[in-house]
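Report on one structure; see the data block that follows.
All values below come from the heavy atoms of this structure, side chains included, with hydrogens, waters and symmetry mates left out.
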Amino acid sequence: FVKNMRITVHAKPRAHHDAVEKISEFEYRVSITEPPIEGRANWAIIRLIADYFGVSQGAVVIISGATQRVKIIEVSV
């Protein structure tokens, strides 16, 4: 049984360390050390969200906001 969950992610690139912070049920702040260059920050966010929810990286998709700090991400859990 696969359930898709959409969450709002506030990205914080070039942070001092990688971290996922839950703000509310469907809202998270993700700090990543990668800069927002050539999609590196997005890949780091996908990797961190996948680890946080215990799913594969393929189960995490950026639905909107790929070039924005606020992103809508779908997680298949």
Please list, one pair per line, the donor and acceptor atoms closer than 3.5 Å that link side chains of residues 22-29 to other protein atoms, with sequence neighbours excluded.
residue, atom, partner, partner atom, Å
E27, OE2, H10, NE2, 2.7
R29, NH1, E21, OE1, 3.1
R29, NH1, E21, OE2, 3.3

To the nearest 0.5 Å, atom CD1 of I46 lies from atom CD1 of I73 at 6.5 Å
Would a single hydrophobic cluster contain both I49 and W43, if residues Ile, Leu, Val, Met, Phe, Trp and Tyr are joined by side-chain heavy-atom contacts under 4.5 Å? yes
Shared hydrophobic cluster for V75 and V70 (ILVMFWY, side-chain gaps under 4.5 Å): no
Quick one: closest heavy-atom pair of V55 and S76, and the distance? CG1-O, 3.5 Å
Taking the side chain as every heavy atom from C-beta outward, state whether F53 and I7 have any pair of such atoms under 4.5 Å apart. yes
Are I72 and Y52 connected in a single hydrophobic cluster, I mean Ile/Leu/Val/Met/Phe/Trp/Tyr linked by side-chain heavy atoms less than 4.5 Å apart? no
What closest approach, in Å, do E34 and P13 show between heavy atoms, and which atom pair accounts for it? O-CB, 3.6 Å
For R14, salt bridge (charged side-chain N to carboxylate O under 4.0 Å, His left out) partners two or more places apart: none
Enumerate, atom names and distances included, each donor-acceptor pair closer than 3.5 Å involving a side-chain atom of residues 56-66, sequence neighbours excluded.
none

For I45 versus A11, what's the shortest heavy-atom pair and its separation? CD1-CB, 3.6 Å
What distance separates D18 CG from I32 CD1, expressed to the nearest 0.5 Å? 7.5 Å
